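Note that the structure is predicted; figures quoted are calculated from it, not measured.
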Amino acid sequence: MERYNPKTIESKWQKKWADSQIYVAKDFDDKPKYTVLTEFPYPSGAAMHMGHAMTFGGGDIVARYKRAQGFNVLFPMGFDAFGLPAESFAIKNKVTPQMAVEQNIAHFRHQLERMGYSFDWSRSFSTTDPEYYKWTQWLFLQFFKAGLAYQDEININWCPFCKTGLANEEVINGRHERCDNLVEKKKLKQWLLKITDYAERLIDGLKDVDYPSRVADQQINWIGKSIGAEVDFTVADQEYKIKVFTTRPDTLFGATFMVLAPEHSLVSKITTKEQKAAVDSYIKATQGKSDIERQDTNRAKTGVFTGAYAINPATQERIPIWIADYVLMGYGTGAIMAVPAHDDRDWEFARKFNIPITEVIGGGNIDREAYTGDGKLVNSGYLDGLDVEEAKRKIVTELAKKGIAQEKVNYKLHDWVYSRQRYWGEPIPIVHCDKCGAVPVPDNQLPVELPIVDHYEPTGDGQSPLSKIETWVNTACPKCKEPAKRETDTMPNWAGSNWYYLRYFDPHNNETFADAKKLKYWGMVDLYMGGMEHTTLHLLYSRFHHQFMYDQGLVPTPEPYAARRGHGMLLTTDGTKMSKSKDGGVVDPISVADDGYGVDAVRMALAFLAPYDQSTPWSPEAVAGCYRFLTRVWNLVNEPVKKSSAKSPEDVIIQKTINKTIKKVGADLEKTNFNTAIAALMEALNEFSKIKNKGSAVWHEAIRKYIQLLAPFAPHVTEEIWCEVWQEKESVHLSKWPEYDEKLTVDEFVKIGVQINGKLRGEIEVTNDTAEAEALKLAGQDANVAGYLDGKKSKKVIYVAGRILNIIV
RNA sequence: GCGCGAGUGGCGGAAUUGGUAGACGCUGCAGACUUAAAAUCUGUUGACCUUAAAAGUCGUGAGGGUUCAAGUCCCUCCUCGCGCACCA
């Protein structure tokens, strides 16, 4: 008998699968379709890491399972190759980004093939292919034409290291998520996408899709919806009005001062001569602070009085207007009405600057702290006696009559800063003309290709390197044909991934981004697997993109992904996050496979280690264990046995085992519970190993099914057994998923516990329809139980058939 | 501070949704095979107390409660992880 040798087996089958194209998905097949998508990678020059293997491995298991179930499965793969890392790699290695990407894709694809994933490579593409980004640009123009892409001069997040503007979502704790450098503010003219128009839809749509609650909650949280009111305050003795947003209009009578963000446009207008010096120096000090400093909640409140007053519209009293950096220009209107009695921050501020604190909601002790709970209104004129909710409604109604307040919903979500000052991205297909303004490049001139240049290092002056290429920049206005200039900013690295899943449905179409019939056939992605870290980035962006496309009639479904699953993080053995900077931190799946365990064992270990969505420490022993398991499977099927048609007394056990296992593995796969599915397969192997007569017909049928169950998890060794050991003509991965007989999944006899007064004292063997009296009799025969029952009367008997017998004495 | 999730053996983790806690894997221990080791196979592996055997007591972060019965349900609290964070 040959030893299990993954190395020769794996490379052989990977080649055969590629040659026979068994994983190629067919458009418009009669079978029901199933689209399983795994986030496509950025092809770096480095080794593939465990996070990739988690994503692709999970997708591959599902893809193989669904194929076996008779679905026409689309399991595609491509590359997301625009963006900063490719450019940095190119600069470092002194090659062009185009060359770097080509090399890296070849390298990465080779690794993916080495892992044996069942991707349909015929549909592969890179977001950097001009035939692809033509449509990325075209889609941008649809946003532009719909008024959802616009230019604005705003204060944006600027990464001084990468020398580019960033979206809000790309800033984590005040640092650029890619390079970890501190982000600055910079005023630049930028392209933005109006994602805020879709804030409500992005929340709503989550109801109709199956996302882990963690993911849905995080998106809802990020969008940050709050319901409240906008109220106008007039500045005393001046013509200005200050608009504020508040979620607590009920506390208006308690507003004893106002605060403007230092950047607020009214600040310079209302500040008095006496206060000007103080205000100016405060603004200057604020500008010198980083976002991290400014957002530190533990910092003591600072601020300065403008000298101006506003009129509280409820009390008609004059209240001072301050500026303070705890009020952010980026949220609401950049101005607040401060109610120190019922807001922690306002309370702290008022205390520090000796501003009066007026209680308007009873129930707290405002001398000690702000009271933010419920209660009855006090000191509030016509609101007195109402509770908070009633008061909110009443005051907004009253003020609305006078035209100084209205209900308002606010979101934390900001419009998406969509331009980058880097070379390696899709050029924004706009021409700037002195006469006609921003003019879209006509469809027949797309794509606007990136010019090949010698220098593409970022300039750092807020201009894209493209701006230095005069021959490219200078063009004719598509409208009036007069000389005009191209937009030189490029799109963010997220642009290509916004809609890539749609392109898999029809990857080679030159007429449109994807044919409508194919969009309809492959429709919604049934299962989308990816990393948790993309929840408020790519996943949110692409949902927005898709919703817009739906509104434009470009796609048939309102949401892109029917279900989302994210994998947990692999931690180092000491429980910390795997990172490149740490010694031995990153383990690469292929080198582990090359150590002799093989790809199948590595893939199984990743699936077996922990529940799919849970973070867990990486364990090299787990791979060894899975290798051992696969070796045992290999030895079992290769064990020489005498074939016989005779029935064996062990047949019943064999049948029960395989039927139970089919049921369990199928149920677990539906829930992406890979770890328990594998445990069930291991359990079954243990049962099978104990069988003495391995020659019966029942045995052969069962072991055949067993290999089919194992196939999605260990595709190579099962294929070798199927096609070489058993000489089947067609791949195990094209075979039909075995069915089970419900009757054969139930054991005739089960052991149930016997409890006396709720404590386990014995065990009896019963059937599911053993009567209570019979069960009691059996229990009485157990010496230990009998000892406890001896001489005592049973008060009560609880008997749950097939579960438990509990006797109360 | 807000939102979400999790606390079970030496370790990773199971537990049919209230019914014999610790499946499966790893590790450890003992044995078989071997000149020896590796590999493989067999047994064993929650703690305590006893042990000739059987039995027994405790045990799912802590404390309380509901129930014949709680890892699972309810209340109070603690710890850890993730995300957001001066969001008005």
Side-chain angles (χ1 to χ4, degrees), chain A residues 3 172-173 212-222 224-226 228 244-248 251 259 294-299 301 324-328 330-339 343-346 348-349 372 410-413 532-533 535-536 568-569 571 573 575 577 604-605 608-611 613-626 628-629 631-632 635 664 667 673 675-686 689 750-764 783-784 787 795-800 802-808:
Chain A
R3 264 186 69 230
I172 311 287
N173 286 330
S213 58
R214 180 158 46 136
V215 171
D217 287 340
Q218 215 170 296
Q219 289 202 344
I220 290 167
N221 210 286
W222 181 261
K225 178 181 181 177
S226 44
V244 302
F245 172 74
T246 177
T247 54
R248 296 295 304 273
T251 61
V259 187
R294 207 177 145 173
Q295 287 170 5
D296 181 3
T297 44
N298 296 321
R299 214 176 92 232
K301 296 277 175 290
D325 61 7
Y326 79 90
V327 173
L328 308 172
Y331 184 77
T333 62
I336 61 159
M337 62 176 222
V339 185
D343 180 280
D344 294 323
R345 294 151 301 175
D346 298 345
E348 190 191 332
F349 194 85
T372 53
N410 227 313
Y411 302 94
K412 284 194 240 177
L413 188 71
M532 292 294 183
E533 70 276 17
T535 299
T536 54
M569 249 185 321
L571 312 171
T573 25
K577 203 169 161 177
M604 283 200 87
F608 179 59
L609 217 49
D613 60 356
Q614 189 177 309
S615 294
T616 197
W618 168 246
S619 139
E621 290 82 16
V623 185
C626 288
R628 213 167 295 157
F629 164 71
T631 303
R632 288 180 61 209
N635 292 341
K664 173 74 175 154
N673 289 344
N675 61 328
T676 47
I678 291 172
L681 287 165
M682 289 173 165
E683 244 176 296
L685 178 73
N686 291 342
S689 301
V750 283
K751 283 180 180 162
I752 68 167
V754 179
Q755 297 179 338
I756 310 293
N757 292 341
K759 279 194 185 285
L760 185 72
R761 298 300 179 195
E763 202 176 66
I764 54 173
N784 197 37
K795 271 198 283 190
K796 194 175 173 187
V797 174
I798 292 105
Y799 175 62
V800 184
R803 290 264 185 269
I804 199 88
L805 175 65
N806 191 3
I807 305 166
I808 314 301

Item to check | Distance, C1' atom - from B/rA62 to B/rA55, rounded to whole angstrom | outcome: 32 Å

Next on the checklist: Which nucleotide, if any, forms a Watson-Crick or G-U wobble pair with B/rU17, using both distances under 3.5 Å?
Outcome noted: none

Checklist entry - What's the closest nucleotide to the A/Asp217 side chain, out of B/rC4, B/rC68, B/rG83? => result B/rC4

Checklist entry - Which nucleotide sits closest to the side chain of A/Phe245: B/rA88, B/rG13, B/rA15? => result B/rA88

Checklist entry - Any side-chain N or O of A/Lys759 under 4.0 Å from OP1/OP2 of B/rC58? => result yes

Next on the checklist: Could you go through A/Arg3 and A/Asn635, starting from their C-alpha distance and side-chain angles, then the distance that decides it, and tell me whether this counts as side-chain hydrogen bond (donor to acceptor under 3.5 Å, both in side chains)?
Outcome noted: CA-CA 8 Å; A/Arg3 264 186 69 230; A/Asn635 292 341; over 6 Å; no

Item to check | Residue A/Lys301, side-chain atoms from C-beta onward, closest of B/rC86, B/rA85, B/rG19 | outcome: B/rC86

Checklist entry - NA contact type, A/Gly625, heavy-atom cut-off 4.0 Å: base, sugar-phosphate, or nothing? => result sugar-phosphate

Item to check | Phosphate contact (B/rA54 OP1 or OP2) by A/Arg761 side-chain N/O below 4.0 Å | outcome: no

Item to check | Integer angstrom distance from the C1' of B/rG59 to that of B/rG71 | outcome: 11 Å

Checklist outcome for this item: Mate of B/rU50 across any strand shown (Watson-Crick or G-U wobble, both atom pairs under 3.5 Å) is none

Checklist entry - When all nucleic acid strands are considered with a 4.0 Å heavy-atom cut-off, which category describes A/Leu328: base, sugar-phosphate, or nothing? => result base

Item to check | Complement of B/rC84, any strand, by Watson-Crick or G-U distances under 3.5 angstrom | outcome: B/rG1

Next on the checklist: Could you identify the nucleotide paired to B/rG12, looking across every strand shown and requiring Watson-Crick or G-U wobble geometry with both distances under 3.5 Å?
Outcome noted: B/rC24

Checklist entry - When all nucleic acid strands are considered with a 4.0 Å heavy-atom cut-off, which category describes A/Asn173: base, sugar-phosphate, or nothing? => result nothing

Item to check | Inter-nucleotide C1' distance (B/rU57, B/rU50), Å rounded | outcome: 11 Å

Checklist entry - When all nucleic acid strands are considered with a 4.0 Å heavy-atom cut-off, which category describes A/Ile756: base, sugar-phosphate, or nothing? => result nothing

Checklist entry - Looking only at heavy atoms, what is the nearest atom pair of A/Ile336 and A/Val244, with distance? => result C-CG1, 3.6 Å

Item to check | Closest to the A/Arg628 side chain, choosing from B/rG19, B/rC4, B/rC26 | outcome: B/rC26

Next on the checklist: Does a side-chain N or O of A/Arg3 approach OP1 or OP2 of B/rU40 to a distance below 4.0 Å, or not?
Outcome noted: no

Checklist entry - Tell me: CD1 of A/Ile752 to P of B/rA69, nearest whole Å? => result 18 Å

Item to check | A/Lys795 NZ - B/rA69 P separation (whole Å) | outcome: 11 Å

Checklist entry - Between A/Ile678 (CD1) and B/rA23 (P), how many Å, whole number? => result 18 Å

Checklist entry - Looking at B/rU20, does its base get a donor-acceptor pair with the side chain of A/Glu763 below 3.5 Å? => result yes

Item to check | Earlier contact from the 5' end, RNA chain B, for A/Gly758 and A/Pro611 | outcome: A/Pro611

Checklist entry - Which is true for A/Leu609 with a 4.0 Å heavy-atom rule: it touches a base, it touches only sugar-phosphate, or it touches nothing? => result sugar-phosphate

Checklist entry - Is A/Val244 touching bases, backbone alone, or none of the nucleic acid, heavy atoms closer than 4.0 Å? => result nothing

Checklist entry - With a 4.0 Å cut-off on heavy atoms, is A/Lys225 in touch with a base, just the backbone sugar-phosphate, or nothing at all? => result nothing

Checklist entry - Can you tell me if the side-chain N/O atoms of A/Ser619 get under 4.0 Å from OP1 or OP2 in B/rG25? => result no

Checklist entry - Partner of B/rU60 by Watson-Crick or G-U wobble geometry, both contacts under 3.5 Å, or none? => result none

Item to check | Side-chain N,O (A/Asn784) to OP1/OP2 (B/rG56) below 4.0 Å | outcome: yes

Checklist entry - B/rA88, B/rC26, B/rG83: which one has an atom nearest the side-chain heavy atoms of A/Gln218? => result B/rG83

Next on the checklist: Rounded to whole Å, please give me the gap between CG in A/Leu681 and C1' in B/rA23.
Outcome noted: 14 Å

Item to check | Selection from B/rC84, B/rG13, B/rA88 that lies nearest to any side-chain heavy atom of A/Thr247 | outcome: B/rA88

Next on the checklist: Counting only heavy atoms not in A/Asn757 (residues, nucleotides, ligands), do more than 12 fall under 6.0 Å from its CG?
Outcome noted: yes

Next on the checklist: Closest approach to the side chain of A/Ile804, judged atom by atom: which nucleotide of B/rG25, B/rC86, B/rG19 is it?
Outcome noted: B/rG19

Next on the checklist: Within the 4.0 Å heavy-atom criterion, would you say A/Thr631 contacts the bases, only the backbone, or no part of the nucleic acid?
Outcome noted: nothing

Checklist entry - Hey, does A/Gln614 reach any base, or is it just sugar-phosphate, or nothing, if we go heavy atoms under 4.0 Å? => result sugar-phosphate

Item to check | C1'-based separation of B/rU17 from B/rC73 [nearest Å] | outcome: 11 Å

Checklist entry - So which nucleotide does B/rG31 pair with, by the Watson-Crick or G-U wobble rule with both distances under 3.5 Å? => result B/rC41

Next on the checklist: Give me the distance, rounded to whole Å, that separates B/rC82 from B/rG28 when you measure between the C1' atoms they each carry.
Outcome noted: 34 Å

Item to check | Side-chain N,O (A/Asn675) to OP1/OP2 (B/rA14) below 4.0 Å | outcome: yes

Item to check | Pairing nucleotide - B/rA70, Watson-Crick or G-U, each distance under 3.5 Å | outcome: none

Next on the checklist: As a test of reading the structure: which of B/rC24, B/rG83, B/rC86 is closest to the side chain of A/Asn221, going by heavy atoms?
Outcome noted: B/rG83

Item to check | Atom P, compared across B/rG61 and B/rU79: separation rounded to whole Å | outcome: 16 Å

Checklist entry - What closest approach, in Å, do A/Ser226 and A/Tyr331 show between heavy atoms, and which atom pair accounts for it? => result OG-OH, 2.8 Å

Item to check | Nucleotide B/rG5, atom P - distance to CZ of A/Arg214 in whole Å | outcome: 10 Å

Checklist entry - When all nucleic acid strands are considered with a 4.0 Å heavy-atom cut-off, which category describes A/Asn806: base, sugar-phosphate, or nothing? => result base

Next on the checklist: Measuring from the side chain of A/Ser226 (C-beta onward, heavy atoms only), which nucleotide among B/rC68, B/rC24, B/rA88 has the closest atom?
Outcome noted: B/rA88

Checklist entry - Just checking, A/Lys301 and A/Phe349: is the charged tip under 6.0 Å from the six-membered ring centre and within 45° of the axis? => result no

Next on the checklist: Between B/rG19 and B/rG9, how far apart are the two C1' atoms, rounded to whole Å?
Outcome noted: 23 Å

Checklist entry - Contact class for A/Lys751 vs. all strands (heavy atom < 4.0 Å): base, sugar-phosphate, or nothing? => result base

Checklist entry - Does A/Lys412 make a side-chain donor-acceptor contact with the base of B/rC84, cut-off 3.5 Å? => result no

Checklist entry - What closest approach, in Å, do A/Lys751 and A/Glu763 show between heavy atoms, and which atom pair accounts for it? => result CD-OE1, 3.4 Å

Checklist entry - Closest nucleotide of RNA chain B for A/Ala624 versus for A/Val327: which of these residues is on the 5' side? => result A/Ala624

Checklist entry - How far does the P atom of B/rG10 sit from the matching atom of B/rG46, given to the nearest Å? => result 10 Å

Next on the checklist: Rounded to whole Å, please give me the gap between CE in A/Met604 and P in B/rG13.
Outcome noted: 18 Å

Checklist entry - Can you tell which of B/rA15, B/rG25, B/rU20 lies closest to the side chain of A/Met682? => result B/rG25

Checklist entry - Rounded to whole angstrom units, what separation is found between the NZ atom of A/Lys664 and the C1' atom of B/rC24? => result 11 Å

Checklist entry - Which label fits B/rG9, syn or anti, where anti is any glycosidic angle not within 90° of 0? => result syn

